[in-house]
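Notes follow the structure.
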2 protein chains.
Amino acid sequence: MNTRERLIEGARELLWERGYVGMSPKAIQRKAEAGQGSMYHHFSGKTELAEVALRRSAETLRGQTEKQLSAGGSALERIAAYLLRDRDVLRGCPIGRLAQDPEVIADPRLRRPLNETFSWLRDRLAEIVRQGVAQGEFSPELDAADTAAAMVAVLQGGYVLARASGSAEPFASAVRGAVALLSARATKSTTPGHRS
Amino acid sequence: MNTRERLIEGARELLWERGYVGMSPKAIQRKAEAGQGSMYHHFSGKTELAEVALRRSAETLRGQTEKQLSAGGSALERIAAYLLRDRDVLRGCPIGRLAQDPEVIADPRLRRPLNETFSWLRDRLAEIVRQGVAQGEFSPELDAADTAAAMVAVLQGGYVLARASGSAEPFASAVRGAVALLSARATKSTTPGHRS
DNA sequence: GTCTATACGCTGATAGAC
DNA sequence: GTCTATCAGCGTATAGAC
């Protein structure tokens, strides 16, 4: 891995751990084993490096998620599998965590990757809900966009509860609660996770 | 308001806006119109001041919430009213936002108020769900703790989606989705917000 | 491309006068 | 209780040599 790459990867980790406000150029350089000069040669400053790092994290997350969501199964099964997948809960979401950073939110360049990621995710889940409704799997009363937003919010809020308590349990509890509520709207009662 | 009070209130606002990592002693002093000496006279340092400020914010939030939740109405109505109440969505939650702060999470003194707040909130909502089940309002299959966790997570995650997009809409959408899912588990179909 | 030097303001305090 | 002075180190760079 070359110096530029190491700087980007170092910034990705620090943004995840500490946020933009809590990430210093010095810390990036230490993590990347790069000098001051290298960093300012490859990037105009902290902001530009953070932007590149953020875009990469967003891309990575989207790739993983799409893989999960396009796997086989009914609509309910796919959504449940996504919600219930293994996560490093106490580390939080590498994208969502930056929504609390005041300087990320204030800078359109840094905020855009967050917005794009969550817009895409909500749309993608809404599409699956809509398919489920079209195939008679879900009640037609289910609003696809609102249901999708609720599912994404449960994940993001689950991270908050878990970190606040120092345990992954509240995350798991919230996700179980959400899956149970969604399952109850399925016309055929498919138990998620067990192919019928 | 005396100097000590102004320091606490200044710290509360800065913790909400910028988090612990992003809040500097100098900024607190400016906001409180207090000198360096005053701050270190009343508090041993940044951490102690933050702890006092955090406890007060937690107490305030709990007071407001309890008022909402103990108002009249059916279980569904009370939960829906709490979820749908007016909030300054783009500012985020003054407690939940600190769950992303690495130094808050690393310090048990600072983390405790977060943990206590969310533990209390989940228990309180679970109690209401349980009452709803006992009175035949909700399906007995509803797990009270998981449902409560999901509702709290929707709120916290809703803030994340709203801030990421720069609009309150995704928060509203997620809450509508959650209320709709919960309403569907009510045995009598009460439309929340409209007394039947 | 990477290194060292330099800069200026801020961070998070402590000390001591008033 | 509040003020001013002082401090070592960090944050976020820029300049210029190699």
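Letters A, B, ... mirror the listed sequences (proteins, then strands); counts begin at 1.
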Salt bridge check: are [X] and [Y] linked by an N-O gap of less than 4.0 Å?
X      : Y     : answer
B:R55  : B:E59 : no
A:E9   : A:R12 : yes
B:E17  : B:R97 : no
A:R124 : A:E66 : yes

Return no unless some side-chain N or O of B:K26 is found under 4.0 Å from OP1 or OP2 of C:dT11.
no

With a 4.0 Å cutoff (strictly under), does any side-chain N or O of A:T3 reach OP1 or OP2 of C:dT2?
yes

Looking at [options], which one has an atom nearest to any side-chain atom of [X]?
X     : options               : answer
B:H41 : D:dT2, D:dT12, C:dG12 : D:dT2
B:H42 : C:dT2, C:dC10, D:dT2  : D:dT2
B:S38 : D:dT2, C:dG12, D:dT12 : D:dT2

Nucleotide [N], atom [atom2] - distance to [atom1] of [X] in whole Å:
X     : N      : atom1 : atom2 : result
B:Q29 : D:dT4  : CD    : C1'   : 13 Å
B:Y40 : C:dG16 : OH    : P     : 17 Å
B:E33 : D:dC3  : CD    : P     : 11 Å
A:M39 : C:dT4  : CE    : P     : 17 Å
B:R30 : C:dT11 : CZ    : C1'   : 12 Å
B:L7  : D:dT2  : CG    : P     : 8 Å
B:E48 : C:dG12 : CD    : C1'   : 15 Å
A:I28 : D:dG11 : CD1   : P     : 10 Å

Which comes earlier along DNA chain D counting from the 5' end, the contact point of B:R4 or that of A:Q36, where each point is its nearest nucleotide?
B:R4

Contacts of A:M23 and A:G37 projected onto DNA chain D by closest heavy atom; the upstream (5') one is A:M23

Is it possible for you to say whether A:W16 and A:L121 belong to one hydrophobic cluster, with membership spreading through side-chain heavy-atom contacts below 4.5 Å?
no

Take the C1' atoms of the five end pairs on each side of the helix from C:dG1-D:dC18 to C:dC18-D:dG1, get both axes, and report the angle to 10 degrees.
0°

Determine whether B:D143 and A:R176 satisfy the following criterion, side chain to side chain contact (heavy atoms under 4.5 Å, CB included), listing intermediate values before the conclusion.
CA-CA 9 Å; B:D143 181 284; A:R176 280 194 307 269; over 6 Å; no

Taking all heavy atoms of A:V21 and all of B:V21, pick out the closest pair and write down the distance.
CG1-CG1, 3.9 Å

